[in-house]
Amino acid sequence: MLNKKFYERDTLTVAEELVGKYLIRRYQGQYIVSRITEVEAYIGAIDKACHAYDGKVTPRTKVLYEQGSTCYVYLIYGMYYCANVVTEEKGIASAVLLRGVDIVEGKELAANLRYDKEWIDLSAYQKKNMSNGPGKLCNALAITKADNESSFCSEDLFIVDTWNEHGEIDFEIEKGPRIGIEYAEEATDFLWRFCLVEKKASKTKNVKKYK
DNA sequence: CCTCAGATGGACT
DNA sequence: GTCCATCTGAGGC
């Protein structure tokens, strides 16, 4: 699993490198394996969108100052949780928000957690929208406030480089502005959102044009 | 495909 | 009292 050293680095580097890695959750003895597809970086020192901007310390934000690999979970809009991996060394407020994953293994359990239904019964729409959002992935992986201040280097929640069942996957990383932070003035335009984009197989292969 | 209203509660001023 | 690092279902096209 990725260790503390991985997370105790520059936040933008950690954010970008997390894309394509595998987030693993153990829940009641079963595993849910997911591939990270979308993240955003938040850096307190220079980022008005960060909950701990400019050294702000409150009961909620104090976890952002913890050592890299610490888990920061908060409630948003009164209904959903958002999960972050704290980065940099203790004392520096910064984190990476997990915005999207693809469930690779443990789909039955994830479907139950998210929809209270069997995977087999889900519509295509529900399968597609299983965990492609920060609130959605927390539901699908059973991440709650109880995980706040825990660690991403634990047996119940951790991230690995590769997953055996998956071969090498060709992808690119797309950078863009972060979502839902219109209030953050100049930070609104920072390109701190990183998305996994599958590389398309060569299109020309089977496409022939006849005159 | 799209847009939009409404749900809902904790953190902070 | 105000503001959210969101999601869903309904209705339009």
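Any value given below was found using the heavy atoms of this structure, including those in side chains, with hydrogens, waters and symmetry copies removed. Every chain is numbered from 1 and lettered A, B, ... according to where its sequence line falls, protein lines coming before strand lines.
Regarding Lys56(A), its NZ atom lies at a distance of 11 Å from the C1' atom of dC4(C), rounded to whole Å. Protein atom OH of Tyr81(A) is 15 Å distant from nucleotide atom C1' of dC7(C), rounded to whole Å. As rounded to whole Å, 11 Å separates atom P of dC4(C) from atom CD1 of Ile181(A). Tyr80(A) places its OH atom 15 Å from the P atom of dA5(C), with the value rounded to the nearest Å. Rounding to whole angstrom units, CD1 of residue Ile76(A) and P of dG10(B) are separated by 13 Å. Look at CG on Leu191(A): it is 19 Å from P on dA5(C), rounded to the nearest Å. Note: OH (Tyr72(A)) to P (dG10(B)) measures 15 Å, nearest angstrom. Rounded to a whole Å, the CG atom of Asn139(A) is 9 Å from the P atom of dC7(C).
Atom CG of Asp121(A) has more than 12 neighbouring heavy atoms from other residues, nucleotides or ligands inside a 6.0 Å radius.
Between Arg193(A) and the choices Glu174(A), Glu38(A), Glu16(A), the salt bridge (Lys or Arg N to Asp or Glu O under 4.0 Å) rule is met once, by Glu38(A).
Within residues 119-135 of chain A, the residues that place at least one heavy atom under 4.0 Å from DNA chain C are, in residue-number order, Gly133(A), Pro134(A), Gly135(A).
Remark: dT8(B) base-pairs with no nucleotide in the shown strands. Criterion, Watson-Crick or G-U wobble with two distances under 3.5 Å. Pair check for dA5(C) finds none; no Watson-Crick or G-U wobble contact set falls under 3.5 Å.
In the model, Glu8(A) has no side-chain atom that pairs as donor or acceptor with a side-chain atom of Thr87(A) under 3.5 Å.
Salt bridge annotation for Arg26(A)-Glu155(A): absent, with no cationic side-chain nitrogen under 4.0 angstrom from a carboxylate oxygen. Using a cut-off of 4.0 Å between Lys/Arg side-chain N and Asp/Glu carboxylate O, Arg99(A) and Glu40(A) are scored as salt-bridged.
Residue Arg193(A) is classed as having no contact, given no heavy-atom separation below 4.0 Å to the nucleic acid. Using a 4.0 Å heavy-atom distance criterion, Leu97(A) is classed as a base contact. Using a 4.0 Å heavy-atom criterion, one finds that Arg60(A) contacts the sugar-phosphate atoms exclusively.
For dA5(C), its base sits under 3.5 Å from the side chain of Tyr74(A) at one donor and acceptor pair at least.
Nearer the 5' end of DNA chain B, as judged by each residue's closest nucleotide, is the contact made by Met79(A), out of Met79(A) and Lys145(A). Between Arg114(A) and Tyr183(A), the residue whose closest nucleotide on DNA chain C is further toward the 5' end is Tyr183(A).
Between dA7(B), dG10(B), dT6(C), one nucleotide has an atom nearer to the side chain of Leu75(A) than all others, and that is dG10(B).
For dT6(C), the OP1/OP2 oxygens have a side-chain nitrogen or oxygen of Arg99(A) closer than 4.0 Å.
The aromatic ring of Tyr77(A) does not stack onto the base of dG9(B), failing the criterion of a centre distance under 5.5 Å from the six-membered base ring together with planes under 30° apart.
Shown here for Glu105(A) and Trp163(A), the closest heavy-atom pair between the two residues is OE1-NE1, 3.1 Å.
Using bins of under 30°, 30° to 60° and over 60° for the plane-to-plane angle, the ring pair His51(A)/Tyr74(A) lands in the perpendicular bin.
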Checklist entry - Under the side chain to side chain donor-acceptor pair (under 3.5 Å) criterion, do Lys136(A) and Asn132(A) qualify, and how do the steps go? => result CA-CA 6 Å; Lys136(A) 299 177 190 179; Asn132(A) 59 343; 3.0 Å; yes
